[in-house]
Each structure stands twice: as structure tokens, then as C-alpha cells.
Amino acid sequence: MKLNRFFSPTSIAVIGGIEAERVIAQCDALGYAGEIWPVNPHRAIGGRPTVPDVESLPGPPDAAFVAVRRKDSIEVVRALARLGCGGAVAYASGFAEVGEVELQAELADAASGMPLLGPNCYGFINSASRVALWPDEHGLEPTDLGVAIVSQSGNMALNFTLQDRGVPISHVVTVGNQAVVGVEDCMLALLDDDRVEAIGIHVEGFRDVEMFARAAVRAREQGVPVVALKTGVSEQGAGIAVSHTASLAGDDAAVNALFERYGVYRVHTVPEFLEVLKLLAVTGPLDGNQFISLSCSGGEASLVADRASGYAIEFPDFDPDHARDISAHLDDLVNVSNPLDYHTFQWGDREALTGTFTTALSGAYDAAILVLDFPNRAHNDVATWWTTVDAMVAAARRTGTAAVITSTLPETMPAEVRAHLIERGLAPMTGIEETLVGLEAAAMFGRRFLGPSPSLHPVPPAGTAGAVLSEWDAKQFLTQAGVKVPSGAVTERPVEVAIELGFPVALKILETHHKSDVGGVVLNLFSAAEVATAMEALPPSDRYLVEQMIEDGVAELIVGVRQHRGIGWLLTVGAGGELTELTRDTANLLLPVSESEIRDAIGRLSIAPLLDGYRGRPSANLDLVCEAIARISWAALDHPELHAIEVNPLIVTPEQVVAVDALIEQGDADG
């Protein structure tokens, strides 16, 4: 869907009363130079003459803002579409977000292919084109470059515009209920605009995951970072998302896997969202994750070091020669380490500070941080703080090192300092935690942009679980897929079968899928007598599953593949058996995946050392482990009629990998 004409209009129609008048005022304030055509049958709007209806407009507008009652919106949108309008904002609420799904479908049908933002939507601001189809206050100023933000929430978008952090914002687009135009359409349109340096998305749910994937791949190919703030994570939050914009929030693990697959960086707070976008706009993606931190306080240096441990970034030690060179600039009392507390011996001495910073930044670092909080009261003398800023700017230029200056508090990074730094290419960050998040994101994008684009994943129709296969039937299915299962049989005479199989064996009932919870399984039976005794202890059953025990296990894994709410097939690998609930040690990937990606996921587990021969114990054959997991994944993709496959435990021995217990849920595509 083409949105370029809509987002950069040369003519605008505003239909309605007070909200339409506000749109005119916001366009005038931003310096919009195109034509504005008010539509109101009763009065003049914004000091401009009006026409009584859409049919009386002088021509098809490039964009329209529709602020009339919800049912009247449908006919206005229909008239705009017939006229050939480039796109419209449906401001009215009272559609799918309150259960009026059919009314929203009628609105979408009225658009008849015309781009439509909303309903239940604030509209958009394009400060690069000086246009604001926006019925409220906002904080944007005209700009030629910046980050674009797409939000499902109009008020959240308004809040983003009111930030006072120095984030250069070129576009803000709200999509509301996404009846026609979704977040994904907006991403694709914004990627056509070379004034957009990064894209931030605030999403409650996805309209079209396949289109989102295509947009993310294209952003990656164009080198445009995408940062996501996803809400609706908790059960309560998901319920609010549904009632707010009629969005399907989606399982959080599946959403994380979606973002991971396509190189979208996820943040969890509004400050992180804005600060990461700012760093990406000013500094851009980085070549790696090796950083140096400078501050005149040991407390700040310790804080940086402590908080960095939670992120995929490193502050490597100085090599001896580099440490010696830095020491030559400092007092003997300074302990030279990274993060570096350079003390205040040179405070206010521009030449000395520049020498120290330049020498420090001369190492092989991907970026440098200077922690600096400005006084912010009228009576404060800030001259020496500016000296420190100038020294850092000079050091960054001399060494060619990307640099950011961060305050520990938002209020101690004044507006004039932010503007000064942005003009010189240094990101003015506010908050150590947010700075570390931003550096991690910048390093991730730098790495991802150099690699190949991911393949698009299949998105099966959203459904629910249906019938559950018996453990025996599930294992026959896995056997056909090439996954090894224990030797065994379903029988009415478990003692005889146990003797034929050889001891030790496991004895299970078949009538329930959570056997351990009801005492339906007995393990490690070493004789016929023990099998007979176990039969008496089990719940009454007509049939039993007898299987050989798998001994000499190195580790137990859980492997699950499940369809997730229209997002895709999610592969979960983690600690299995008794550790499943205790540790919740898992990694998630969207299918399809390669065996090398499976190996990487296993390596992220805390139990990974067990597979490598922990403390002299036997090691596993990781090739066999990855192959078994891959075969389970392939089986799911080859059978879209299924809803889920779970193997727990998948026992790994030095010689083999065996699915000891399995559960398969058939799908119910009708939901």
C-alpha cells in the first residue's frame, strides 16, 4: 500500500468541527505550505471558508482528517475514496476496540483501497514535510532528518513528541485499530523516505506478521535500525491491548523470537525507547561492542561497570602499553582501569583533559562514554563543565572514535548542551542504564547489518489446540520423523513385555498426559517382580506402556514446537525433566531454523556446560542433539495441521539422543 502521497501531502481536507480546527492550527504552526480545504456545512473553520461536503471539494486531496461521529465517518470515508483521496485519518472511536467489529469492517470496506489510519486514531505528524494531521498539542519542531515513530496509542505518541531529551523526531504516525493501514505498512512507507534515520515502533499487537517480517528485512537491507516497545506482555496488559485497539497481543516469547529473527531491538521502557533512538540517530550503528568509559568519579565508574554486566557489551582492560600511556597524563593516585575514574586533578584544564581523553580513546574501542552531569541552577557556574565537553569533542575528532556523553539524571543534561553535542556528532544521553541499552542496540545493528538477511518464516493460521495424541502415538509420529525413542510396547501384559525388552524398564499408564502428577509412571524397574508390584501401585488401567530405561544421560532437555497466535511456529529448547519448572532455562527461535542456529541457542542455556563435559563428566555429541531437535522442528513444519509437539525429556547420552516422553496436540484451525 503506497502511503507516500498521504504522508507528504500538498493538499489537505479537514472534515469536522473542533478537532478539524485544531489540525489546521497545528499545520499552520509547523509551517505547512500546501493547501488546506475545510469541510463543514455550518461554519467557517480555522479562519478559512468551508465547503458543505466532500463532493464540493475543489479536487481530490492528498490527505484528509475525518473528525465526525463514528457512523458518519463511514460515509465521509466512502466519499473521499470515490473522489480519489490519497489517504485519510479516521479520528472517531467506538469501533472494534469496544466490540463493534462489523462497524469497523464497514469502515474498512468504505475505504475501498484508500489508505486509512485508524479508527480510534490521532493521525500523524511529518515534521520533515511540515505537516500535522493531528488534533492536539505536540512537541515537534521542523526538522530535515530524524527518527520516525509509529504507535498504536495516540496518547503514547503525543507523549513521545513532548520529550525533552534531544531526540530528533521527523515523523510520528498513529495507527489506532489498524482497520486498513497497520504498523507494518507505515514501516514500509517510512523506509521510502531518506529523511528517516531510524524507526521506533510502539505496538500492542500485529495486524500482519508476514508484512512486518518483510518490512524488518527491508529495513535491515537499507541499514535502518528498528527499535520496538512492545506492550501487552502481562495477562492484564494483553487484555487492555485487546480493549484498547482490538489487537492480539501475542505470546511474549514468540514476539521476542520474532524480533530476534529479524534484527529488531526490543526495549521495555519509554526512556529506553527514546534514548536508544537518539543514540542511533546521532551516532548510528557501531562496528562492535568494545567500549571505554570515562568519569571523574569512582562511584560513576563502578555504576557503569556494575550495570554493564547485564548487557552484551564489554569494557576490556587496557593493555599494558596503553595503560602506561594513559598513566603518563594522570596523577600517581589514579588507578588506570576501564571504566576509568580519571579523578578531578585536571578539572578545568582543557589542554590536560584533551590529552588524557585523546590518549584513552586511542585504543581499539567501538565507542567511548563520558559521564558528566551539568549543574542546572541559574546561580551555578558551568564553565569547567563546558571545558570537559570541549575536551571530549576534541578527543573524539582526533581519534575518530564514536563518543557519547551521558548524564546520570535527565535533568542534568541541559538543552544547550544537548544541541551543542548533536551538532558535533556526539549523542547526549540521559541515564547510564539507557546509555548501556543504546550501546548494546548500536552494536547489535552494526553486527546484523553486515550479515545476511534472514529468510521469511511461514505464519500458519491462528488456531487453538485440539485433541491430544497418546504418548505411544506421539512417539510413533516422532519415529517416522527420524527421532529416536525408547524401545517399548503397549500391552495388557507388562511383565512379559518387560522380560522381552530387558531390564531396567519404565512402566506407564496411557490414559493421562501428565502421568507424574497422578502417579502414573514408575521408573527404574529391574525385575519382573518389581514390574508386578508397580502395576498394583499405578492407577487402574487396561493398557500399559513398557519401555526400556535410557541410562548414562549427560543432560535432559525439553524441546517444544508450538503455533503462536498467528506469529508462527516457536521452537523452545531448554533444561528438561525436573529442571523444567525449577530453572525456566530456555531459548526460543522462530521456525525454520538451521542446525547451527539450534547450536547457538543451546549454547545460551545455563545447562550448556553439561553437554560439553562438565567437570570431567562425559560430553554429548552436539551434532546428534542438534539433528534431533531439527527433526522435531521439521516434523512440525511438515504437518501444519498440528498445534504443538513437546518432548520432555529429550535424554542426551554420549552416544545417542532419545525422546523419552512426548506430547502432540492436534490443531483446531477454526480457533
Side-chain angles (χ1 to χ4, degrees), residues 1 3 6-7 9 12-20 22-23 26-27 61-78 80-81 85-101 103-111 114-126 131-138 140 148-161 171-187 189-190 200-208 229 231-232 240-248:
M1 182 176 290
L3 302 176
F6 181 32
F7 283 171
I12 298 169
V14 290
I15 301 100
I18 294 174
E19 290 82 9
R22 289 173 181 162
V23 168
Q26 295 299 353
C27 284
D62 293 328
F65 189 88
V66 181
V68 298
R69 292 178 297 183
R70 59 176 181 165
K71 291 187 178 179
D72 293 337
S73 296
I74 296 172
E75 292 309 313
V76 171
V77 166
R78 195 185 315 278
L80 288 167
C85 178
V89 174
Y91 176 71
S93 58
F95 290 88
E97 80 278 5
V98 294
E100 294 286 354
V101 176
L103 194 65
Q104 181 162 306
E106 190 177 347
L107 177 69
D109 182 68
M114 177 186 70
L116 180 74
L117 287 175
N120 187 28
C121 168
Y122 254 39
F124 71 87
I125 307 167
N126 180 346
V131 60
L133 268 70
W134 193 263
D136 206 337
E137 295 300 317
H138 67 82
L140 298 192
I149 296 176
V150 185
S151 174
Q152 280 184 256
S153 168
N155 205 64
M156 287 283 287
L158 187 153
N159 295 343
F160 296 148
T161 74
H171 300 71
V172 170
V173 185
T174 66
V175 294
N177 291 8
Q178 305 186 89
V180 176
V181 172
V183 170
E184 308 83 10
D185 300 285
C186 296
M187 290 173 62
L190 292 166
I201 58 173
H202 163 244
V203 292
E204 295 168 345
F206 296 100
R207 182 175 182 271
D208 186 334
L229 175 62
T231 53
I240 293 170
V242 172
S243 63
H244 178 213
T245 56
S247 296
L248 189 60

With sequence neighbours excluded, what pairs up with [X] under the side chain to side chain donor-acceptor pair (under 3.5 Å) test?
| X | value |
| --- | --- |
| Ser151 | His202 |
| Asp136 | Tyr122 |
| Asn126 | Ser8, Ser129, His171 |
| Gln26 | His138 |

Using the test side-chain contact (heavy atoms from CB on, under 4.5 Å), find all partners of [X] that sit at least two apart in sequence or belong to another chain.
| X | value |
| --- | --- |
| Arg207 | Gln178, Glu184, Asp185 |
| Ala13 | Ile15, Leu57, Pro61, Ala64 |
| Glu19 | Phe65, Ala67, Tyr91, Pro135 |

Gap between atom [atom2] of [Y] and atom [atom1] of [X] - 0.5 Å precision:
| X | Y | atom1 | atom2 | answer |
| --- | --- | --- | --- | --- |
| Leu107 | Lys71 | CG | NZ | 13.0 Å |
| Glu75 | Leu80 | CD | CG | 11.5 Å |
| Leu140 | Leu158 | CG | CG | 9.5 Å |

If you look at every heavy atom in [X] and [Y], which pair is closest and at what distance?
| X | Y | answer |
| --- | --- | --- |
| Val89 | Gly123 | CG1-CA, 3.6 Å |
| Leu116 | Ala90 | CD1-CB, 4.0 Å |
| Val181 | Val175 | O-CB, 4.1 Å |
| Gly16 | Val68 | CA-CG1, 4.1 Å |
| Pro119 | Gln104 | CG-OE1, 3.7 Å |
| Ala157 | Thr174 | CB-CG2, 3.4 Å |

* Asked: Is a donor on one side and an acceptor on the other found under 3.5 Å between the side chain of Glu97 and the backbone of Gly94?
  ->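 Side chain of Glu97 to backbone of Gly94: a pair is present.
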* **Polar side-chain atom of Gln152 near backbone of Gly205 as donor-acceptor pair, under 3.5 Å** =>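 Answer holds: yes.
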* To do: Go through the structure and list residues passing ring pair (Phe, Tyr, Trp, His ring centres under 6.0 Å) with Phe6, not counting sequence neighbours.
  =>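 Once residues adjacent in sequence are excluded, the partners of Phe6 under the ring pair (Phe, Tyr, Trp, His ring centres under 6.0 Å) criterion are Phe124.
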Could I get the full list of salt bridge (Lys or Arg N to Asp or Glu O under 4.0 Å) partners for [X], not counting sequence neighbours?
| X | result |
| --- | --- |
| Glu137 | none |
| Asp72 | Arg69 |
| Arg70 | none |

* Asked: If we only count heavy atoms from C-beta on, is the Val172 to Phe160 side-chain gap below 4.5 Å?
  ->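 Side chain of Val172 against side chain of Phe160, heavy atoms only: no contact under 4.5 Å found.
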* Asked: With side chains defined as the heavy atoms from C-beta onward, is the minimum distance between Val131 and Cys27 less than 4.5 Å?
  ->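 SC-SC contact between Val131 and Cys27 confirmed.
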* **side-chain contact (heavy atoms from CB on, under 4.5 Å) between Ile201 and Cys186, worked out** => CA-CA 10 Å; Ile201 58 173; Cys186 296; over 6 Å; no
